[in-house]
Amino acid sequence: VRRFARSRPLPGEPPSAPPRLAGIEIHGTTRADFIMRGVLAAGAAYGLGAVGPFVNRALAQGTQYAPPDQAGKSDIEILNFALTLEYLEAEYYKRGLSAVNLSGEARELTKEIYSNEAAHIDFLIGAVKTLGGKPGRAPTVTFPFGSESAFLELAQTFEDTGVMAYNGAGPLLGSKAVLNNAGQIAQVEGRHAGAIRMLRGQNVTDGALEGTLSFQEVVERVDPFIVDSPRSFQEAKPESGL
Amino acid sequence: VARRPRSERKEPITHQSAHSSEPSAVELLDRDPSSRKRFLTSVGGTAAAATLASITAACGQQDKVFPNTTAPGAEENNQVGGGTVFGEGDVGIVNFALFLEYFEADFYDALNKTDFFSGKVKDLLRTIEENEREHVEILQELSKQQAGGTVQKPETKFNFTSRTQALAITVAVENTGPGAYLGQAPRIQSADVLAGALSIHTIEARQAAALNMLVGRKASPDGPMARPFTIEETLKRSEGMIISTPVVV
């Protein structure tokens with residue numbers, strides 16, 4: 001029996017492809033969407049005055065956008081949030097390597113990705129400590145394992161989510177050194193996403209510009225797999241009032 | 001198991017330049033000035049050799065931007081806003097990116113005019129070309145908004161001789177783009193320019209990894225922390241293919 005941290009029901013969820021996740025498929029990002037999502041996220045950190053021309057133009061194109069929830073997070077909080085995501089990803093690949101009957105190419109890629117995610121965990125723990133913070137603990141997670149194709153499909157969701165999470169948080173980082181490091185990781189997540197999509201025969205990109213996700217949107221996407229949310233995730237939930 | 005014809009997936013790379021773990025042709029040439037000059041003369045004439053020298057000189061100060069690419073809390077980059085041959089501050093960075101995207105769009109245009117590719121590989125290459133063209137449009141717009149002059153489209157020259165050679169060059173070119181954006185991101189001051197650069201950065205990364213898969217290379221050849229490239233490194237990797245100096249008007 002799977003238990004979730006939130007009481008959100010997941011009716012009729014098949015073991016290999018939860019419907020909530022099917023809806024996560026990343027849709028093509030229009031330029032107007034990009035402008036609003038990326039720039040308003042940035043505006044939350046820098047003040048909307050800093051992004052005036054873009055916002056005005058995007059508004060003129062009629063884009064709707066909910067206010068982002070990112071404002072006020074410190075670099076340490078952002079890195080701890082990323083750490084939770086990396087814990088989730090690493091555990092998925094680690095378990096998948098033994099739980100799923102993976103063919104040669106899928107196995108090789110999964111090993112590479114696992115190794116990178118594990119290194120991201122170590123790196124982020126070190127980064128949080130360097131900044132004087134306390135690294136978050138690993139969440140307790142649960143995954144539905146089945147066929148190779150279902151495994152890769154969920155892997156794609158995790159990687160796409162990871163890329164857009166880092167891209168959404170990038171402009172909020174105060175330290176340029178941390179931004180550099182977050183960019184290094186974001187690029188590797190993007191590479192994972194591209195490789196998995198290639199292996200699955202999917203479009204490698206959904207448009208010419210990457211979308212972004214707010215902290216809350218990231219939590220909503222990965223919450224079904226987290227049994228007990230660490231603090232960094234609980235704080236990003238809407239009812240927390242943050 | 002055979003989800004795709006193996007012949008399309010495991011094309012061996014014969015060009016060393018496509019393996020980041022080994023010195024690229026350009027890097028080897030860089031250590032040997034006489035052979036570098038011969039190489040440049042053979043591919044682009046003396047004009048290309050002169051071009052590289054001037055670009056290298058103009059961009060020399062970029063080398064110190066990232067002394068440390070892996071340590072957390074690395075020393076703060078204090079060169080934000082510095083000028084380059086592409087312009088001062090953010091507009092210089094946007095122009096550098098535009099210069100690179102012009103080159104990439106030209107590259108895929110030429111590549112897709114060859115008859116070396118078919119099926120899914122051709123589809124991928126066409127998608128990448130479309131993305132690069134859109135990056136050009138976006139960056140043109142961003143550059144104009146920054147009001148510091150816009151870089152002109154460079155002259156390019158390509159010589160694709162076989163499927164294997166063309167794919168190897170493509171892998172090398174596409175693995176340079178993400179590093180170029182990564183190298184510039186922390187130097188960007190404006191929030192909207194940064195959001196735009198980050199958004200293009202991971203598209204380039206996806207494209208690079210997809211191409212890597214085609215040739216049996218790792219998705220992330222530099223491991224868990226991607227490597228940022230300086231402007232100088234980026235342009236060196238394009239030498240012989242970009243045959244004009246950046247002009248900002």
Side-chain angles (χ1 to χ4, degrees), chain A residues 31 34 38-39 41-43 45-46 50-51 53-54 103-105 109 112-113 115-120 123-124 126-127 129-131 163 166-167 170-171 175-181 183-195 197-199 201 203-205 207-212, chain B residues 1 3-4 9 66 68-78 80 120 124 127-128 130-135 138 145 178-179 181-183 185-187 190-192 194-196 198-214 218-220 222-228:
Chain A
R31 195 174 308 182
F34 148 68
V39 174
Y46 292 86
V51 294
F54 256 47
S103 60
E105 215 162 6
L109 181 60
E112 181 192 347
I113 297 178
S115 148
N116 289 338
E117 309 296 15
H120 291 166
F123 180 87
L124 289 168
K129 284 181 180 166
T130 301
L131 294 175
V163 180
Y166 276 101
N167 277 13
S175 157
K176 293 292 183 185
V178 173
L179 173 62
N180 174 41
N181 296 142
Q184 290 182 288
I185 297 177
Q187 183 185 124
V188 171
E189 301 289 334
R191 286 172 175 274
H192 294 165
R197 280 166 168 254
M198 193 68 193
L199 195 60
N203 287 335
V204 168
T205 58
L209 295 165
E210 197 80 62
T212 58
Chain B
V1 174
R3 63 177 69 229
R4 197 169 299 167
R9 315 237 29 213
F66 286 106
N68 186 337
T69 63
T70 54
E75 77 184 75
E76 293 281 337
N77 170 16
N78 56 8
V80 171
K120 293 197 172 199
L124 172 66
T127 300
I128 297 178
E130 282 168 26
N131 289 343
E132 308 301 12
R133 285 186 192 287
E134 197 165 334
H135 294 165
I138 292 157
Q145 284 180 9
Y181 278 92
L182 181 56
R187 298 184 58 240
S190 138
D192 55 349
L194 177 58
L198 293 178
S199 172
I200 297 177
H201 169 228
T202 49
I203 295 296
E204 301 286 340
R206 286 170 181 267
Q207 294 172 174
L211 288 164
N212 287 352
M213 294 295 284
L214 277 181
K218 282 190 167 186
S220 183
D222 289 323
M225 303 298 282
R227 189 154 90 77

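Atom set for the values below is all heavy atoms of this structure, side chains included, hydrogens, waters and symmetry mates excluded. All chains are named by letter (A, B, ...) in the order of the sequence lines, taking the proteins before the strands, and each is independently numbered beginning at 1.
- Shortest non-hydrogen contact noted between Asn180(A) and Pro186(B) is CB-CG, 3.7 Å.
- Glu112(A) touches chain B through its side chain: at least one heavy atom from C-beta onward sits under 4.5 Å away, while N, CA, C and O do not.
- For the residue pair Ser199(B) and Leu209(A), the shortest heavy atom distance occurs at OG-CB, 3.2 Å.
- With a 4.5 Å cut-off on non-hydrogen atoms, Leu109(A) touches chain B through its side chain but not through its backbone.
- Counting heavy atoms from C-beta on, the side chains of Met225(B) and His120(A) come closer than 4.5 Å.
- Here the closest non-hydrogen pair linking Ile203(B) and Gly207(A) is CD1-O, 3.6 Å.
- Between the side chains of Glu210(A) and Thr202(B), at least one donor-acceptor pair of N or O atoms lies under 3.5 Å.
- In terms of heavy atoms, Met213(B) sits closest to Leu199(A) at CE-CD1, 4.1 Å.
- Gln184(A) contributes a side-chain N or O that, together with a main-chain N or O of Ala226(B), makes up a donor-acceptor pair within less than 3.5 Å.
- One distance of note links CG of Leu194(B) with NZ of Lys176(A); it measures 6.0 Å at 0.5 Å rounding.
- Of the residues considered (Val163(A), Ile185(A), Asn167(A)), Asn167(A) shows the highest number of contacts with chain B, using heavy-atom pairs under 4.5 Å.
- When every heavy atom of Pro224(B) is checked against every heavy atom of Asn116(A), the shortest pair comes out as N-OD1, 3.2 Å.
- What you find for Ala219(B) and Arg191(A) is that their closest heavy atoms are O-NH1, 3.0 Å.
- Contacts between Val204(A) and chain B at a heavy-atom distance below 4.5 Å involve backbone atoms as well as side-chain atoms.
- Side-chain N/O atoms of Asn131(B) and Thr205(A) include a donor and acceptor closer than 3.5 Å.
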